[in-house]
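Notes follow once the structure below has been shown.
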Amino acid sequence: MRRKNTTSAMMCDYLAQALLILLKDHEFDQITISQLTEKAGVNRSTYYRHFSSKQQLAQYYYARLLAKHRQHFAASAPLTYQAYLEFLFNELKQRQNDILILHHAGLSIQLLPVLKQSFQQFENVERWQAAYHIGGIYNGLLTWFDEEMQTSPQQLAAKVTDFIPAEMRLLFNDITFGEKPNSSIKS
């Protein structure tokens, strides 16, 4: 059944959800575009209008998740870096089943460019420092996912904060994590 009166974002969300549903019973490489569009209730042309690969669906899912996360914390009072991370890890934990489905399908790599783009919102972070930090967060998340996300978001945020080099701690003290981002991820 084809959906009517939907926005582009809604159709992309339907496709991302269809991917998650199909991954429960199929290997990623075995999922076809026809299966995705049928499960999502959208036309193939809708899929190709928004995505050039199935991997982009996973990237879209992560980007939407981080965009929603940014909207929530942008409205909050300024946060410490540890509170910001805890907020992020809580968002991921709330979607643990979906996150682990993507991880077990080998799609966690699609989180890396989303993290990179997300971190570009902080103007006073030097490019190499951001790259170092993003790599640490990403690999920490992979370890967390490998452990089936057993560590609490609070414990994980504390661990990550403890690992930040002294120079970067000074840099992060200057960042207000409760402000609206300077740039945004397409969602």
Side-chain angles (χ1 to χ4, degrees), residues 3 6-29 31 35-37 39-42 47 50-51 53-76 79-121 133-161 177-178 180-181 184-187:
R3 298 176 190 266
T6 57
T7 65
S8 289
M10 290 169 70
M11 288 192 223
C12 291
D13 288 346
Y14 296 145
L15 283 162
Q17 285 304 314
L19 176 63
L20 291 167
I21 291 166
L22 290 168
L23 282 170
K24 291 177 183 175
D25 298 319
H26 302 86
E27 294 292 320
F28 177 73
D29 292 337
I31 296 172
Q35 288 174 308
L36 281 168
T37 56
K39 183 65 80 177
V42 301
Y47 171 83
H50 298 285
F51 303 102
S53 71
K54 293 183 295 183
Q55 291 83 352
Q56 280 188 330
L57 275 172
Q59 198 171 97
Y60 172 83
Y61 175 84
Y62 290 128
R64 288 286 283 180
L65 179 62
L66 289 183
K68 288 177 185 176
H69 169 286
R70 275 197 324 273
Q71 287 173 348
H72 285 113
F73 81 78
S76 304
L79 302 172
T80 65
Y81 183 65
Q82 184 169 337
Y84 164 78
L85 288 176
E86 191 174 315
F87 202 78
L88 171 62
F89 299 152
N90 272 316
E91 288 284 322
L92 294 170
K93 183 72 172 177
Q94 288 175 12
R95 289 159 185 80
Q96 180 174 351
N97 291 338
D98 292 346
I99 297 295
L100 292 178
I101 287 169
L102 292 171
H103 182 65
H104 294 307
L107 295 170
S108 295
I109 189 68
Q110 300 306 318
L111 180 57
L112 191 55
V114 174
L115 286 171
K116 181 179 178 184
Q117 189 174 6
S118 178
F119 213 78
Q120 291 172 352
Q121 67 181 304
H133 177 70
I134 292 164
I137 293 289
Y138 173 71
N139 283 300
L141 288 172
L142 289 183
T143 301
W144 193 38
F145 300 164
D146 286 343
E147 296 172 349
E148 304 295 314
M149 301 171 78
Q150 293 302 308
T151 303
S152 76
Q154 297 77 15
Q155 291 170 318
L156 187 59
K159 285 180 185 186
V160 170
T161 303
F177 288 93
K180 292 195 187 282
S184 63
I185 294 177
K186 288 184 180 178
S187 54

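Note that this is a predicted model, so its numbers are computed, not measured.
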- request: Taking salt bridge (Lys or Arg N to Asp or Glu O under 4.0 Å) as the test, write out the residues that go with E86, two or more places apart.
  value: none
message: How close do L19 and K54 get, counting heavy atoms only, and between which atoms?
response: CD2-O, 4.3 Å
message: Checking the side chain of Q96 only, and the main-chain atoms of E148 only, is there a donor and an acceptor separated by less than 3.5 Å?
response: yes
message: Give me each pair satisfying salt bridge (charged side-chain N to carboxylate O under 4.0 Å, His left out) with a member in residues 8-23, each pair once, sequence neighbours excluded.
response: D13-R64
query: Looking at side-chain heavy atoms only, is the closest gap between N90 and Q154 below 4.5 Å?
result: yes
Minimum heavy-atom distance between I31 and H26, given as atom pair plus value: CG1-CB, 3.8 Å
Note, Y61 side chain near I99 side chain (heavy atom, < 4.5 Å): yes
- prompt: For residues 89-113, which residue pairs qualify under salt bridge (charged side-chain N to carboxylate O under 4.0 Å, His left out), counting only residues two or more places apart or in two chains?
  reply: E91-R95
message: With a 4.5 Å cut-off on side-chain heavy atoms, are L66 and L115 touching?
response: yes
- prompt: Is it true that a side-chain atom of Q155 and a backbone atom of S152 form a donor plus acceptor pair closer than 3.5 Å?
  reply: yes
- prompt: Is the backbone N or O of I134 less than 3.5 Å from a side-chain atom of K116, with the two atoms forming a donor-acceptor pair by type?
  reply: no
- prompt: How about V114 and Y60: do any of their side-chain heavy atoms sit closer than 4.5 Å?
  reply: no
Distance, nearest 0.5 Å, that separates CZ of F51 from CG of L57: 4.5 Å
Minimum-distance pair of heavy atoms, taken over all atoms of K39 and I21: CE-CG2, 3.9 Å
- line: Heavy atoms of Y47 and L36 approach each other most closely as CE1-CD1, 4.4 Å
task: State the CG-OG1 distance between L156 and T161, to the nearest 0.5 angstrom.
output: 9.0 Å
query: Is there any ring pair (Phe, Tyr, Trp, His ring centres under 6.0 Å) pair reaching into residues 139-158, and which pairs are they, with sequence neighbours excluded?
result: F89-W144, H103-F145
- request: Return the set of residues passing side-chain contact (heavy atoms from CB on, under 4.5 Å) with T143 (not counting sequence neighbours), or none when no residue passes.
  value: E147
- request: Considering non-hydrogen atoms only, spot the tightest contact between A58 and L102 and give its length.
  value: CB-CD2, 4.1 Å
Residues that S53 engages under side-chain contact (heavy atoms from CB on, under 4.5 Å), provided they are two or more places apart: Q55, Q56
- request: Test side-chain contact (heavy atoms from CB on, under 4.5 Å) on Y138 and I109 and set out the steps.
  value: CA-CA 9 Å; Y138 173 71; I109 189 68; 3.5 Å; yes
- prompt: Atom CG in L15, atom CE in M10: separation rounded to 0.5 Å?
  reply: 12.5 Å
